Amino acid sequence: MPYTESPVRELSSEECWSLLDSEEIGRLAYRLVDEIHVVPLNYVVDQGELLFRTTPGNKLFAAALHSEVAFEIDWFGDEVAWSVVARGTMRVLDEVEEHRVDGLPLRPWVATLKYDVVSVTPTVVTGRTFTLDRSSGDGPGGTAGDPAALR
């Protein structure tokens, strides 16, 4: 199927932020010492930052070190997919700032007490939308993407 337009389109900054604001779970990638970690987490957008609650552990330690991070959200349907990546640094909010999450729709998926609030401050936000072609055998809809086809 020949394309008259590219199946990939860069998203504007406004489109990226709109998508970030419309979702509530994403993946945070960060480096801690010599290991790279990728974790799912729920978040909320506030004043150009991504906020999430956490417990003491690797994420909080990395935030205390102001680690460089990447945060990603995505979605796909039958014909279209998109992905947004925010790159920047994270930090622990102090006691005065952590109240920013009060009243925001930050809903934990796991019922654990999370007292610390972390901010991801993006310096770069990029995104793409993709028109999918599932007619070939090489994509998610073809046999090459089907684990059962490997049997």
Side-chain angles (χ1 to χ4, degrees), residues 6-134 138-142 144-148 150:
S6 172
V8 179
R9 181 179 68 83
E10 297 289 326
L11 297 173
S12 69
S13 178
E14 292 79 17
E15 289 173 307
C16 290
W17 278 104
S18 178
L19 289 168
L20 284 165
D21 197 38
S22 72
E23 296 295 316
E24 62 182 274
I25 191 162
R27 286 164 290 285
L28 178 73
Y30 62 96
R31 178 186 298 272
L32 189 57
V33 187
D34 60 350
E35 293 181 343
I36 303 220
H37 299 257
V38 179
V39 294
L41 55 83
N42 58 299
Y43 73 99
V44 66
V45 173
D46 184 55
Q47 301 173 27
E49 295 177 288
L50 310 172
L51 305 179
F52 65 92
R53 289 188 178 274
T54 191
T55 58
N58 286 342
K59 288 188 298 286
L60 189 60
F61 184 51
L65 296 173
H66 297 264
S67 294
E68 292 183 346
V69 299
F71 185 82
E72 192 267 351
I73 60 170
D74 56 44
W75 176 88
F76 71 94
D78 289 335
E79 298 178 8
V80 177
W82 56 258
S83 173
V84 173
V85 176
R87 292 185 304 275
T89 57
M90 67 177 174
R91 66 185 176 90
V92 180
L93 298 188
D94 62 31
E95 290 181 16
V96 174
E97 283 188 292
E98 70 185 13
H99 297 290
R100 286 173 49 190
V101 298
D102 296 345
L104 294 177
L106 182 58
R107 296 175 291 278
W109 284 21
V110 178
T112 56
L113 298 176
K114 297 177 179 163
Y115 297 110
D116 296 295
V117 179
V118 174
S119 166
V120 172
T121 305
T123 54
V124 176
V125 179
T126 60
R128 293 180 179 184
T129 185
F130 310 92
T131 301
L132 304 179
D133 177 7
R134 296 179 180 240
D138 297 331
D146 182 4
L150 299 176

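Side chains included, hydrogens not; waters and symmetry mates left out as well; all remaining heavy atoms used. Quick caveat, the model's predicted, so the values are computed rather than measured.
Put simply, NE2 on H66 and CE on M90 are 10.5 Å apart, with the number rounded to the nearest 0.5 Å. In this structure, E98 CD and L51 CG are separated by 11.5 Å, a value rounded to the nearest 0.5 Å. Remark: D74 CG to T129 OG1 distance equals 11.5 Å, nearest 0.5 Å. Expressed to the nearest 0.5 Å, how far CG of L60 lies from OG1 of T55 amounts to 8.0 Å. Interatomic distance, D21 CG to E14 CD, rounded to the nearest 0.5 Å: 13.5 Å. Of the inter-residue distances, the one linking H37 atom NE2 with N58 atom CG reads 4.5 Å to the nearest 0.5 angstrom.
Every side-chain contact (heavy atoms from CB on, under 4.5 Å) that E97 has, sequence neighbours left out, goes to R91, L93, D94, R100. With sequence neighbours excluded, no residue forms a ring-ring contact (aromatic ring centres under 6.0 Å, His included) with F52.
Between the side chain of N42 and the main chain of E24, no donor-acceptor pair closer than 3.5 Å is present. Between the side chain of S18 and the backbone N or O of E15 there is no donor-acceptor pair closer than 3.5 Å.
Residues R31 and I36 form a side-chain contact, since some pair of their non-hydrogen atoms from C-beta on lies under 4.5 Å apart. Put simply, the side chain of L32 reaches to within 4.5 Å of the side chain of L65, judged on heavy atoms. No side-chain heavy atom of V117 sits less than 4.5 Å from a side-chain heavy atom of V92.
Between V85 and A70, the closest heavy-atom pair is CG1-CB, 4.5 Å. Closest non-hydrogen pair, A86 versus L50, comes out as CB-CD1, 4.3 Å. Of all the heavy atoms in S83 and L11, the pair that sits closest is O-CD1, 4.3 Å. In plain terms, the two heavy atoms of V110 and K114 that are nearest each other are O-NZ, 4.3 Å. Residue P122 comes nearest to G48 through the heavy atom pair CD-O, 3.5 Å, listed as atom of the first residue, atom of the second, then distance. Across all non-hydrogen atoms, the minimal contact from G77 to L132 is O-CD1, 3.4 Å.
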*Working for side-chain contact (heavy atoms from CB on, under 4.5 Å), residues Y30 and V39*: CA-CA 9 Å; Y30 62 96; V39 294; 4.1 Å; yes

_Apply side-chain contact (heavy atoms from CB on, under 4.5 Å) to residues D46 and V101 and explain how you reach the verdict._
CA-CA 8 Å; D46 184 55; V101 298; over 6 Å; no

_Pair W82-I73, side-chain contact (heavy atoms from CB on, under 4.5 Å): steps then yes or no_ = CA-CA 8 Å; W82 56 258; I73 60 170; 3.6 Å; yes

_T126 vs R87, side-chain contact (heavy atoms from CB on, under 4.5 Å): CA-CA, chis, key distance, verdict_ = CA-CA 9 Å; T126 60; R87 292 185 304 275; 4.0 Å; yes

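Each of V38, T54, V69 was checked for a side chain to side chain contact (heavy atoms under 4.5 Å, CB included) with L28, and the lone residue meeting it is V69.
Annotation: E68, atom CD; neighbour count of heavy atoms from other residues, nucleotides and ligands within 6.0 Å does not exceed 12.
Classified by interplanar angle (parallel below 30°, tilted 30° to 60°, perpendicular above 60°), the ring pair Y43/F71 is perpendicular.
Salt bridge K59/D116: absent, no basic N to carboxylate O contact under 4.0 Å.
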